[in-house]
Amino acid sequence: MTPSAETEASGERLRASYRDFTQDSWGLDERHKTLITRFRRENGRAPRILHIGNIANNGFKNAHVLRKHGIECDALCFNYFHVMGCPEWELAEFATEGFNFDAPEWSKVDLGGYERPRWFVQGNFVTAIDYLIALRTNSASAAELWQVMALERDSAGREHPGSSQWAAYDYVRVRRESERLAALFKVTFPDRAQAPTAEAIAGHYGAFLNETERLKRLFSDYDMVIGYASDGVFPLIAGKVPYACFEHGTIRTFPFDDTLFGQMCALCYANASDVLISNCDNIVAARRLKLGSFRFLPHAMLEDFRQDPVADVLRADLLANYQADFIVFHPSRQHWSTSEDLNWEKGNDRLIRAFARFVAKERPGALLIMVAWGQTVDASKNLVAELGIAARVVWLEPKPMRTVGQYVAAADVLADQFVIGAWGAIMPHGMMLGTPTMLHLDETLHEWCFPSMPPVLNTRTVDDIHAALVISTQPEYRNKIKRDGIAWHDRYHSETVVAGRLLDSLATCLEPDAGELMLARQRLMHAELLVLARGITQDNMGDCDKAEIRHQEFLGAVAQLDNKVAAIQATISSFPPTGSLVRVAKRLSESQSLLGRTIYHALRIPWRAASWLFRKLSKFS
């Protein structure tokens, strides 16, 4: 089989093996309106969602979009102060020369009158949580904590008078919670050879495990929590149900590593009520993780400044100042190498080489504008010099997104990445503004979630990129791409599409599938018994009093689990049957009173081991 035929065959298998995600909502419809109306009627308020984590401003942007449609949203960004995780980066204009991108001192930056919203929370972990609790309870301390967070934010997270303090370290609590997570991993991934130890979890996550009560208090004010990247671990450790995870490349390789970070990443995604996939190629990782519920969510492109007259002025200035007749804009991070690490690689060198050929053969007056950020900026500058095109290349400092949009609209061609085969935020920006966009697009990885591919210049090699630059010099071709790109964006990638998908996820979390609910609860109960059994085996076998205490603890735990099963049975009875899984779960749960037949099969081995151990302990007594 030829490589192309093999790719087509794999694409056919991909489409055949999944439900038809292309039939999901592409905007807001009556279902979403009914969901919000019913929730308001039953609760006296709009649904409330907390977004945790804000790499690339994804948490802020999704919250911003949902708020436009009447959903109460807060965004929590703790201990992360990089400019690209701040709302100012999306909605304000400011100078970046001599700017501290890692930790801006915002109080000294001229933002042209922009003020960040009080629902975006950025500060130290405990101060930010206490502020949100105060905000949601209308406490007078919220105003004071807001000022404290401003000081923390402007000093890269240093403590100040009024900063909240971590709880006194409770070794027993941390040990108990870390053992629970270690057991949950074994239950969730029974076939993985490597599993995290309770000691390792406590060593790395101990400070957060020690704050479970604070987290539970915070989460109690929200109907749904979304953890971005690996921040789904926080609702996981606090036992918040429901919660969702948002991946932006996170699950491509990390969850399959045997590092502690990779293992905890896998755990929080596998136990989420729903997973939002923003990189289409990660359908493969989602299946490897055997996620129970997931959906595709396009990267939100804020449309607040979609029509910006400054772009025309900028284009005229660039053409005049550099005596240019064709502009290529490449805002991607600079990272290229021979290893092609899919977590980082952009293939910038391919664009530079193709552009050098384009200047030499077709357009001596062409101008390439790149952004000086990333790990291989120096290597890219050296390559530009080596190819003799330094006079036709302009380097910009990273610019806020409103300014980036002006450059995108001013360019003849927008260049994204040429390796991964998927897109992030750059390509949709070009589609929204009608600028022809080059990138490598693996269509077989995107057909599961898009009924129509974006009208891009699909390029991967130096030859591909050069050919795309040549064809883009034709005005008729650019005009067609502009019309088609805008239409595609409005149909498949607009703010309303993002809002609809997020509301679909909210509906899944508020009205979960009964079978998935049963399996999730069963998994948690299994982990609880594993922790209890481990504690029993670690007791001093010669201490009869301790053995008796453990025995009574075990009986108490069994009684609690039996009560949980009864609650699950009651929950299931409120759902209509949704398939054979639910019917089987109902039959199993009704067939045995102690723990329920459902749990019996999952717990058979640890239950027998615990029973044997208790008989031995009793005999010894």
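We're numbering straight along the sequence, starting at 1. These numbers were taken from a predicted model, which means no experiment stands behind them.
- Remark: Met370 CE to Leu396 CG distance equals 10.0 Å, nearest 0.5 Å.
- Atom NE2 in His440 sits 14.5 Å away from atom CG in Leu457 (nearest 0.5 Å).
- For the ring pair (Phe, Tyr, Trp, His ring centres under 6.0 Å) test, residues two or more places apart in sequence or in another chain that qualify with Phe450 are Trp26, Phe296, Trp423, Trp488.
- Residues passing the salt bridge (charged side-chain N to carboxylate O under 4.0 Å, His left out) test with Asp154: none are found, sequence neighbours excluded.
- For the pair Thr376 (side chain) and Ala379 (backbone), a donor-acceptor distance under 3.5 Å is absent.
- For the pair Thr96 (side chain) and Lys399 (backbone), a donor-acceptor distance under 3.5 Å is absent.
- Aromatic ring orientation, His489 versus His493: parallel (interplanar angle below 30°, classes split at 30° and 60°).
- You'll find the side chain of Leu368 reaches within 4.5 Å of the side chain of His330, heavy atoms only.
- In this structure, a donor-acceptor pair under 3.5 Å is absent between the side chains of Ser494 and Glu303.
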Problem set entry | Pair Asp412-Arg315, salt bridge (charged side-chain N to carboxylate O under 4.0 Å, His left out): steps then yes or no | CA-CA 10 Å; Asp412 294 289; Arg315 176 176 174 81; 3.2 Å; yes
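- No donor-acceptor contact under 3.5 angstrom links the side chains of Asn279 and Asn282, judged on distance only.
- Cation-pi contact between Lys381 and Trp395: present, with separation from the ring centre below 6.0 Å and deviation from the ring axis of at most 45°.
- Using modelled atom types, one finds a donor on one side chain and an acceptor on the other under 3.5 Å when comparing Gln334 with Ser380.
- Asn57 places a side-chain N or O within donor-acceptor distance of the main-chain N or O of Cys86, the cut-off being under 3.5 Å.
- Counting only distance, with no hydrogens or angles, the side chain of Thr437 and the backbone of Gly430 share no donor-acceptor pair below 3.5 Å.
- The local environment of CZ in Phe189 is crowded, with over 12 non-hydrogen atoms from other residues, nucleotides or ligands closer than 6.0 Å.
- Of all the heavy atoms in Gly85 and Gln122, the pair that sits closest is O-NE2, 3.7 Å.
- Applying the 6.0 Å contact sphere to CD of Gln307 captures no more than 12 heavy atoms from other residues, nucleotides or ligands.
- Asn79 places a side-chain N or O within donor-acceptor distance of the main-chain N or O of Phe125, the cut-off being under 3.5 Å.
- Listed by first and then second residue, the ring pair (Phe, Tyr, Trp, His ring centres under 6.0 Å) pairs that reach into residues 85-105 are Phe94-Phe99, Phe94-Trp106, Phe99-Phe101, Phe99-Trp106, sequence neighbours excluded.
- Taking CD1 of Ile201 as the reference point, atom CZ of Phe208 lies at 14.0 Å (rounded to 0.5 Å).
- For the pair Thr250 and Tyr269, the minimum side-chain heavy-atom distance is below 4.5 Å.
- With a 4.5 Å cut-off on side-chain heavy atoms, Leu236 and Leu267 count as touching.
- Judged by distance alone, the side chain of Arg478 and the main-chain N or O of Ser472 form a donor-acceptor pair under 3.5 Å.
- Side-chain contact check for Asp442 and Thr444: at least one donor-acceptor pair (N or O, by modelled atom type) lies under 3.5 Å.
- Using a 4.5 Å heavy-atom cutoff, the side chains of Arg460 and Leu439 are not in contact.
- Side-chain N/O atoms of Ser25 and Asp504 include a donor and acceptor closer than 3.5 Å.
- At least one side-chain heavy atom of Val413 sits less than 4.5 Å from a side-chain heavy atom of Phe326.
- Asp24 meets the salt bridge (charged side-chain N to carboxylate O under 4.0 Å, His left out) test with Arg19; sequence neighbours excluded.
- Here the shortest heavy-atom pairing between Val462 and Ala354 reads O-CB, 3.5 Å.
- At a threshold of 4.5 Å between non-hydrogen side-chain atoms, the residues Val284 and Leu445 count as touching.
- Here NZ of Lys346 is found 4.5 Å from CD1 of Ile420. Values are rounded to the nearest 0.5 Å.
- Between the side chain of Glu152 and the main chain of Asn124, a donor-acceptor pair closer than 3.5 Å is present.
- Aromatic ring pairs are classed by plane angle as parallel below 30°, tilted from 30° to 60° and perpendicular above 60°; the pair His51 and Tyr228 is tilted.
- Within a 6.0 Å radius of CG in Asp110, no more than 12 heavy atoms belonging to other residues, nucleotides or ligands are found.
- A salt bridge is defined here as a Lys NZ or Arg NE, NH1 or NH2 lying under 4.0 Å from an Asp or Glu carboxylate O, and Asp490 with Arg306 meets this definition.
- Side-chain contact between Leu297 and Glu247 is absent, with no heavy atoms from C-beta onward closer than 4.5 Å.
- Contacts of Asp274 classified as salt bridge (charged side-chain N to carboxylate O under 4.0 Å, His left out), with partners at least two apart in sequence or in another chain: Arg295.
- Here the shortest heavy-atom pairing between Glu345 and Trp336 reads OE2-CA, 3.0 Å.
- For His69, the ring pair (Phe, Tyr, Trp, His ring centres under 6.0 Å) criterion is met by no residue, not counting sequence neighbours.
- Of all heavy-atom pairs spanning Met427 and Pro454, the tightest one is CE-CG, 3.8 Å.
- Closest approach of Trp119 to Cys73, counting heavy atoms only: CB-O, 3.6 Å.
- When the shell of 6.0 Å around CZ of Arg158 is examined, it contains 12 or fewer heavy atoms from other residues, nucleotides or ligands.
- Closest non-hydrogen pair, Asp231 versus Pro235, comes out as O-CD, 3.5 Å.
- The cationic group of Arg363 does not satisfy the cation-pi geometry with Phe358, failing either the under 6.0 Å distance to the six-membered ring centre or the 45° limit from the ring axis.
- At distances below 3.5 Å, not a single donor-acceptor pair connects side-chain atoms of Asn58 with backbone N or O atoms of Asn54.
- The aromatic ring centroids of Phe234 and Phe78 lie less than 6.0 Å from each other.
- Note that CG of Leu414 and CE of Met431 are 8.0 Å apart. Values are rounded to the nearest 0.5 Å.
- Around the CD atom of Glu362, the shell of radius 6.0 Å holds more than 12 heavy atoms that belong to other residues, nucleotides or ligands.
- Within the model, atoms CD1 of Ile486 and CG of Asp484 stand 10.0 Å from one another, a figure rounded to the nearest 0.5 Å.
- A donor-acceptor pair shorter than 3.5 Å can be found between the side chains of Thr22 and Asp20.
- A heavy-atom distance below 4.5 Å is found between the side chains of Leu28 and Leu503.
- No donor-acceptor pair under 3.5 Å is formed between the side chain of Asp257 and the backbone N or O of Gly262.
- At least one test fails for Arg392 against the ring of Phe355: distance under 6.0 Å to the centre or angle within 45° of the axis.
- Summarising the local packing, NZ of Lys482 is surrounded by 12 or fewer heavy atoms from other residues, nucleotides or ligands at distances under 6.0 Å.
- Within 6.0 Å of NZ on Lys480 lie no more than 12 heavy atoms contributed by other residues, nucleotides or ligands.
- For the pair Asp463 and Arg357, the salt-bridge criterion is met [side-chain N within less than 4.0 Å of a carboxylate O].
- Of the possible polar contacts, none joining the Asp74 side chain to the Leu50 backbone as a donor-acceptor pair under 3.5 Å is found.
- In this model, no donor atom of one side chain and acceptor atom of the other lie less than 3.5 Å apart for Arg192 and Gln263.
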